[in-house]
Each structure stands twice: as structure tokens, then as C-alpha cells.
Number of protein chains: 2
Amino acid sequence: MRALVVEDDPDIGIDVENGLADAGLVVDRITNGPDAWFAGDTEDYAIVVLDLGLPGLDGLTVLRRWRASGRTMPVLILSARGDWTEKVEGIEAGADDYLAKPFQLGELVTRARALLRRAGGHAAPVLEIGRLKVDTRNRRLLVRDVETRVSPLEFRLINFLAHQADRTIAVGEIADHLYGTSEIGDVNAIEALIMRLRRKIGSDSIETRRGFGYRLTGGAS
Amino acid sequence: MRALVVEDDPDIGIDVENGLADAGLVVDRITNGPDAWFAGDTEDYAIVVLDLGLPGLDGLTVLRRWRASGRTMPVLILSARGDWTEKVEGIEAGADDYLAKPFQLGELVTRARALLRRAGGHAAPVLEIGRLKVDTRNRRLLVRDVETRVSPLEFRLINFLAHQADRTIAVGEIADHLYGTSEIGDVNAIEALIMRLRRKIGSDSIETRRGFGYRLTGGAS
DNA sequence: GGTTCGCTGACACTCGGCTGACAGATTGTA
DNA sequence: TACAATCTGTCAGCCGAGTGTCAGCGAACC
């Protein structure tokens, strides 16, 4: 299940992205209005978290255009202050919920969950791939039912791979998801990360497809 | 299914051309505005990738003229880095998606696929030729439904041939696609590649047409 | 029968990916 | 505050898969 986070402040945006990723969603993050409009219009998201103050095209306009073209996914609006006018405008433009900054990440995730539940879809809390169980809600990883400590970044990686098990994922895609940029600063950082993760979950769990990318299989049993 | 790439920078243009060809499209590439306008107005393309900065007639004007004369094919705009005005103008001129330079080729292909899907025609993700199945999305090759390991270059070749199954492809065309240059450094490199591929998929899958080139038939059954 | 074209095995080089070591940053703790 | 532990990116060296090259051979065409 995919979520879209539209927020131009990178600190807040990455926080929200991590929160939703921990809740079991694959998250795209976008930092400007026009990109957000296109992404929401062309991709299929289970939920959207939308900041109102955006460069290029403001959030309300983006939302109105989505609704005008028949997009019905739940949208949760973020706005700078507890500004009532904005809230009303947001709801009228077709928002499903509203949160004023500053907010607690936990509250945002809770509301997002509620929206998802209301919309019918529910994020699978535990993904099972071969001998692995990825508990997205509690941010835990089980290998043959034994809890295995992984670092935050390692968890984001295994979580990302687990949502697309058996698909070959290019290193660029991984960089894009982990660091929010498809600019691959140093591929070696990801190789090192993969190596550390393999040590914990067994080296046969993640297959290397030389020249293509990586593929999560879960390994034997 | 045909695609039109309008881009005056040959490096970018050839990259895009190869990316779309790998995705299963037959690509025409044009490097100036007037020719682009004419081609888009008279030929039938499933999708157009349009750079905005073009010699002769700029991209936005070309797009507006297409729309004014009733052409409805999906158009993906390439625009200079982070220029909102241009992007918004592009949208209003009737673009269906846009991408800022520099971009990852993979992302362009993904978006192009999304546009094609939305437009109804869909680039088949799995091509079936005789006993072969080419999974373009996951970059896998199945021979009689058994996954068969191929190297990146071998995959690009079989993918290229599969998109034009039953057609005889000249060695020069293959070189052009694989190496981006029709200058054939050494034909033997391609012969060796063909041989290695045949070993994996069965020697009767690729027919040699002496003096003309190669033809993919998929072999018996 | 000779010539040309394509096939194939062997070999060498390149480069992608793996790994151990280290260092800076961050977080937790006495 | 100072110290320890953990996390994560970087560097250097290694290994092996992937690919181009070469030489010799066989088959097709004249």
C-alpha cells in the first residue's frame, strides 16, 4: 500500500515519511505543488498527507484539481497554524481530515490509520517472506520467529524490500526511498547496509542480481 | 506501439530512446520543433516525450498546436531544473506529466508506462515468444516457465529482440541499441553474445539469417 | 574448390559488488 | 560533563561474473 507525503520542509517531511513507513506503507515524498499534483493524478495512493504551503502550486489548488479529475483517495491536510479559515477551505476542497502544525507524529499516524480503515484498506501489520516476519507496526523483525535487532535504517530497508518481495529493486530505487533522492551519493553505502542486514537475516535472504539490483526472497524455509 | 522523443541534446535523446525501446516501444527521435510538430500532427503515437527548449519552435508552442488541432496522445514534458513557471505553463498547455532535468532514466520509463496505462494501451509487462517469457518489469527471463539467469547485456538483447519477434534485425541495429552507436567496433562481440544467449534459451530460439541479421522465433513449443 | 560469413572455445581484462577497518555523528549512561 | 555504545558513511583491497578479443573451425554461397 502506497502513501504520498507532500511537504516542503524536509525535516517534517522525512519525519512523516518515516512514521508512515513504520506503519507499513511504502511512501513517496514530494516537496512541491506541481509534482504533487501529477503524482496524485497519475499514481494510485491509499492515502495522501498534504501540506498547504507549497512552492509552485499551493496545496488547496492541488487538492481541488485532484477532486475535479475524480481522484477519491483520502487526504489529510497539514497547515501552518490552527487557522480556521484554512481548515474550512480545506474540508470544502475535499480533505478528509485536518491537522495543525506543530503536531505529534504519533497523532498523525493514528489519524492516517483511521482514514485508511475508513477507506476500507488496512495496512498489513506483519509481512511474512520466507523465514522472515516484518512487524511494520511495532518495528520489529523476526527471523524464524526469533526477534532480531536491526538498526533504524536497516529496518527501513527490509521493510521496503518486504513490501515488494520477489521483485528486483534497482539500487537507485533503494537510494530514492532511503535518502529521498535518486542521486546516488555513494552506492557503497547501500552495499554496506545490505551486507550488515544480510549478516543478521542470513545471506541467502537477499539475492544479488548483478547489474540489476537486489531481490528479497526470504531464503530457504 | 510507437513513441516520439523530441529532444535536441543527442546524449539525453538517445538515452531516452533506448529506455523506451527497452520498455517495448518503437521509437522515433526528432531534434527540432518544426519536425516535431509535423510528426506529432501526422503520425499516430502512443506517447510523446517532449523537451521544452527546442530549436526552431519551442516545445510549449508545439504542444499547444497539437492540442489545438485535436491531438490527444499523452505527452510527458521534460523541463529545465526546478522552473515552476515552465511546469505550470506546460500543464496548462495540455501536458499529462512532466519531469525535471536531470532525471533518472528509470523514473522516466516508469512515468511513461503509467501514462500509457492510463491512456488504455498498456505496454505488455511480460512478452511471450514461443517457449520464452520476457518479464520486462522484473527483468527476468523464463524458458518453459523456468527462470533462467541472464547477464544484464544478454537481457537487453533478448528484450530488444522480443519486442520485434519474427522481424529480422541487422547486427548494426543491435549494436545501435546495445552500445548506443551504430559504429560496430567488432561484430564478433555481438556474435559471442548471441552464442551465450542461445546456450541459455536453446539454439533454435534465435534464427540466423545469413547476410541479413538475426530473428527471434522462440523455438519449438 | 575457394571465399566469405558466422560459430565457438579459450583467454584476459574490466568493473560491479563484497568485506573488513576506520572515523564522525549520535544517543544513551554513569 | 565525560565516557561508552551504536549507527552509518567512506575507504581500500579483493574476488569473480561479465564481456570483448583472438584464433581456429565449419557451413553456406559463388
Side-chain angles (χ1 to χ4, degrees), chain A residues 11 14-15 18 22 139-141 147-161 168-181 183-216, chain B residues 106 139-141 147-161 168-181 183-217 219:
Chain A
D11 291 337
I14 290 176
D15 266 6
N18 285 337
D22 287 347
R139 207 185 165 83
R140 294 189 319 157
L141 177 64
E147 177 160 4
T148 304
R149 269 180 56 100
V150 288
S151 76
L153 197 61
E154 284 163 4
F155 186 83
R156 293 185 60 205
L157 174 58
I158 190 72
N159 192 20
F160 180 56
L161 295 178
T168 300
I169 318 284
V171 176
E173 266 184 89
I174 296 176
D176 199 21
H177 182 259
L178 292 184
Y179 308 113
T181 166
E183 301 279 322
I184 311 172
D186 191 352
V187 178
N188 194 233
I190 290 174
E191 291 167 1
L193 185 65
I194 293 262
M195 185 198 64
R196 283 162 188 150
L197 191 51
R198 273 179 173 155
R199 261 191 210 141
K200 294 179 180 177
I201 67 177
S203 55
D204 61 334
S205 296
I206 301 175
E207 181 188 336
T208 302
R209 299 200 56 214
R210 200 183 168 89
F212 298 114
Y214 295 94
R215 185 163 62 152
L216 182 70
Chain B
R139 302 174 72 93
R140 295 191 312 163
L141 176 65
E147 180 164 359
T148 304
R149 268 179 55 104
V150 287
S151 76
L153 198 62
E154 284 162 3
F155 185 83
R156 291 187 61 203
L157 174 59
I158 189 71
N159 193 20
F160 181 57
L161 296 178
T168 300
I169 318 283
V171 176
E173 260 185 277
I174 296 176
D176 196 21
H177 180 75
L178 293 184
Y179 308 112
T181 166
E183 300 282 319
I184 311 170
D186 191 353
V187 179
N188 193 231
I190 290 173
E191 291 169 359
L193 186 65
I194 294 262
M195 184 201 63
R196 284 164 187 148
L197 192 51
R198 275 178 172 155
R199 248 182 224 154
K200 294 179 180 178
I201 66 177
S203 55
D204 61 333
S205 295
I206 301 174
E207 181 186 332
T208 302
R209 303 204 55 213
R210 197 184 166 91
F212 296 104
Y214 297 94
R215 188 166 68 132
L216 182 70
T217 64

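Lettering follows sequence order; numbering is per chain, from 1. Just so it is clear, the structure is predicted and the values come from calculations on it, not from any experiment.
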Enquirer: For nucleotides 22-30 of chain D, read 5' to 3', which letter fits each nucleotide if B means a protein heavy atom sits under 4.0 Å from the base, S means only the sugar-phosphate is that close, and - means neither?
Expert: BB----B--

Enquirer: Is A:Arg149 near enough to D:dT6 that one of its side-chain N or O atoms lies under 4.0 angstrom from OP1 or OP2?
Expert: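 No, no such contact exists.
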
Enquirer: Side chain of A:Glu191, heavy atoms from C-beta onward: which of D:dG20, D:dG9, C:dG17 has the nearest atom to it?
Expert: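 My answer, after comparing the listed nucleotides, is C:dG17.
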
Enquirer: Figure out the CG/P separation between B:Leu178 and D:dG18, and round it to whole Å.
Expert: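 Value for this atom pair: 16 Å.
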
Enquirer: Answer yes if the side chains of B:Thr168 and B:Arg209 hold a donor-acceptor pair under 3.5 Å, and no otherwise.
Expert: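 Side chains of B:Thr168 and B:Arg209: pair found under 3.5 Å.
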
Enquirer: Give a yes or no on whether a salt bridge exists between B:Glu147 and A:Arg215, defined as a side-chain N under 4.0 angstrom from a carboxylate O.
Expert: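 A salt bridge links B:Glu147 with A:Arg215.
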
Enquirer: Say you draw a straight line from CD1 of A:Ile206 to CG of A:Leu157; how long is it, rounded to the nearest 0.5 Å?
Expert: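 Rounded to the nearest 0.5 Å, the CD1-CG separation comes out at 6.0 Å.
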
Enquirer: Between A:Glu154 and A:Arg196 (salt bridge meaning N to carboxylate O under 4.0 Å), is one present in this structure?
Expert: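 The answer is no: the pair does not qualify as a salt bridge.
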
Enquirer: Can you tell me if the side-chain N/O atoms of B:Thr208 get under 4.0 Å from OP1 or OP2 in C:dC7?
Expert: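 For B:Thr208, the contact criterion (side-chain N or O under 4.0 Å from OP1 or OP2 of C:dC7) is met.
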
Enquirer: B:Glu154 has an atom CD; how far is it from atom P of D:dT19, in whole Å?
Expert: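 After rounding, the gap between these two atoms is 6 Å.
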
Enquirer: Could you tell me the separation between the CE atom of A:Met195 and the P atom of C:dA21, rounded to a whole number of Å?
Expert: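 That distance rounds to 11 Å.
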
Enquirer: Kindly point out which of D:dG20, C:dA21, C:dG17 is positioned nearest to the side chain of A:Arg196?
Expert: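 Closest nucleotide to the A:Arg196 side chain: C:dA21.
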
Enquirer: Any non-hydrogen side-chain atom of B:Asp204 less than 4.5 Å from a side-chain atom of B:Thr217?
Expert: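 A side-chain contact under 4.5 Å is absent here.
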
Enquirer: How many Å lie between CD1 on A:Ile174 and P on D:dG9, as a whole number?
Expert: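 Taking atom P of D:dG9 as the reference, CD1 of A:Ile174 is at 13 Å.
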
Enquirer: Categorize B:Tyr214 for me: base, sugar-phosphate, or nothing, with a 4.0 angstrom heavy-atom threshold over every strand shown.
Expert: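 Touches sugar-phosphate only.
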
Enquirer: Tell me: CZ of A:Arg156 to C1' of D:dC7, nearest whole Å?
Expert: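 That distance rounds to 14 Å.
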
Enquirer: Which of parallel (below 30°), tilted (30 to 60°) and perpendicular (above 60°) describes B:Phe160 and B:His177?
Expert: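 It falls in the parallel class, under 30°.
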
Enquirer: Nearest to the A:Pro152 side chain among C:dC7, D:dC7, D:dT19, which nucleotide is it?
Expert: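 Closest of the options to the side chain of A:Pro152: D:dC7.
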
Enquirer: What is the distance, to the nearest angstrom, from the CG atom on B:Leu153 to the P atom on C:dT14?
Expert: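 After rounding, the reported distance stands at 18 Å.
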
Enquirer: Please state how far atom CD1 in A:Ile206 lies from atom P in C:dC18, giving the value in whole angstrom units.
Expert: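 Atom-to-atom, A:Ile206 to C:dC18, this comes out as 10 Å.
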
Enquirer: Using atom CG of B:Leu157 as one end and atom C1' of D:dG18 as the other, report the distance to the nearest whole Å.
Expert: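 Roughly 14 Å, once rounded to whole Å.
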
Enquirer: Tell me what B:Arg209 touches on the nucleic acid: a base, only sugar-phosphate, or nothing, going by heavy atoms under 4.0 Å.
Expert: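 Since no nucleic acid heavy atom lies under 4.0 Å of B:Arg209, the category is nothing.
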
Enquirer: Less than 4.5 Å apart, any side-chain heavy atom of A:Leu193 and any of A:Leu178?
Expert: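 A side-chain contact exists here, since the closest heavy-atom pair is under 4.5 Å.
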
